Engineer: 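Okay, handing you the structure first.
Predicted, not measured: the structure shown is a model, and the values here were computed from it.
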Amino acid sequence: MAATPSPFARRVLDAVDAIPSGHVLSYGDVAEYIGAGSARGVGAVMARFGAEVPWHRVVMTDGRPAPGHELRQLALLRAEGVPLRAPGDRVQMARARWDGGVVALRSS
DNA sequence: GCAATGACTGGTA
DNA sequence: TTACCAGCCATTG
């Protein structure tokens, strides 16, 4: 079993686990969703305890997957039905971004 | 308790 | 579009 995640880590894991299939969230959005820490902090937690949650639903603010897991993450996102851009190296944040915590501005 | 590391972000070239 | 730099934060040794 993995080491006991800190209160902050637990919060991050809970937020990532709350992301519905077919949607993604950026590291900075997760930090904002939990109202604590920052993208760096979320990334640090994901790197240690990300295996306990659907980490593949967390991408860069640019819609780019995490370094070292690009293929793995893209494959999982594609399987979830996430709108991808190009043959499959980037995610359409404008369409895949989850609006469950941050009421994004729906320009429509 | 301090220093180093890293799955981050925004700005500039 | 890609590449590089400085700032920010949590975890580990």
Engineer: Under 4.0 Å from OP1 or OP2 of C:dA10: is there any side-chain N or O of A:Ser38 that close?
Structural biologist: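 No, because none of the side-chain N or O atoms of A:Ser38 sits under 4.0 Å from OP1 or OP2 of C:dA10.
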Engineer: In terms of the nearest nucleotide of DNA chain B, which residue is placed more toward the 5' end: A:Pro67 or A:Thr61?
Structural biologist: A:Pro67
Engineer: Any base atoms under 4.0 Å from A:Ala39, or only sugar-phosphate, or nothing? Heavy atoms, all strands.
Structural biologist: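 It contacts sugar-phosphate atoms only.
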Engineer: Please work out which of the three classes, parallel, tilted or perpendicular, describes the rings of A:Trp55 and A:His69, given edges at 30° and 60°.
Structural biologist: perpendicular
Engineer: Look at all strands and tell whether A:Tyr27 reaches a base, only sugar-phosphate, or nothing, counting heavy atoms closer than 4.0 Å.
Structural biologist: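 If one applies the 4.0 Å heavy-atom cut-off, A:Tyr27 turns out to touch a base.
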Engineer: May I have the distance from A:Glu32 (atom CD) to C:dC8 (atom P), rounded to whole angstrom?
Structural biologist: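 In whole Å, C:dC8 P and A:Glu32 CD are 17 Å from each other.
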Engineer: Rounding to an integer number of Å, can you tell me how far A:Phe8 CZ sits from C:dC9 P?
Structural biologist: 10 Å
Engineer: Just call it for A:Ala31: base, sugar-phosphate, or nothing, with non-hydrogen atoms closer than 4.0 Å on any strand.
Structural biologist: nothing
Engineer: How many angstroms lie between CE in A:Met60 and CE in A:Met93, if you round to the nearest 0.5 Å?
Structural biologist: 11.0 Å
Engineer: Does a nitrogen or oxygen in the side chain of A:Arg90 sit under 4.0 Å from OP1 or OP2 of C:dT1?
Structural biologist: yes
Engineer: Counting N and O atoms only, with roles assigned by atom type, does the side chain of A:Ser26 sit under 3.5 Å from a partner on the main chain of A:Asp29, one being a donor and the other an acceptor?
Structural biologist: yes
Engineer: Is there a donor-acceptor contact under 3.5 Å from the side chain of A:Gln73 to the main chain of A:Val58?
Structural biologist: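 Yes; judged by distance alone, with no hydrogens or angles, the pair exists.
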Engineer: Using a 4.0 Å heavy-atom cut-off, does A:Gly68 contact any base of the nucleic acid, only the sugar-phosphate backbone, or nothing at all?
Structural biologist: nothing
Engineer: Base, sugar-phosphate or nothing for A:Met46? Non-hydrogen atoms, less than 4.0 Å.
Structural biologist: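 If one applies the 4.0 Å heavy-atom cut-off, A:Met46 turns out to touch a base.
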Engineer: Can you give me the closest heavy-atom contact between A:Ala66 and A:Tyr27, atom names plus distance?
Structural biologist: CB-OH, 3.6 Å
Engineer: Can you measure A:Arg40 atom CZ to C:dC5 atom C1' for me and round it to whole angstrom units?
Structural biologist: 13 Å
Engineer: With a 4.0 angstrom cut-off to heavy atoms of chain A, pull out the first and last contacting nucleotide of DNA chain B, in 5'-to-3' order.
Structural biologist: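 Using the under 4.0 Å cut-off, the span is B:dG6 to B:dG10.
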Engineer: Quick one: which of A:Leu76, A:Asp17, A:Leu13 gives a side chain to side chain contact (heavy atoms under 4.5 Å, CB included) with A:Pro54?
Structural biologist: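 The single option meeting the side chain to side chain contact (heavy atoms under 4.5 Å, CB included) with A:Pro54 is A:Asp17.
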Engineer: Nearest whole angstrom, please: distance from the P of C:dT11 to the CZ of A:Arg11.
Structural biologist: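 Distance, rounded to whole Å: 14 Å.
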Engineer: OP1 or OP2 of C:dT1 less than 4.0 angstrom from a side-chain nitrogen or oxygen of A:Arg64, does that happen here?
Structural biologist: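 For A:Arg64, the contact criterion (side-chain N or O under 4.0 Å from OP1 or OP2 of C:dT1) is not met.
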Engineer: Do side-chain atoms of A:Arg57 reach the backbone of A:Ile19 as a donor and acceptor pair under 3.5 angstrom?
Structural biologist: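 Between the backbone of A:Ile19 and the side chain of A:Arg57 there is a qualifying donor-acceptor contact (under 3.5 Å).
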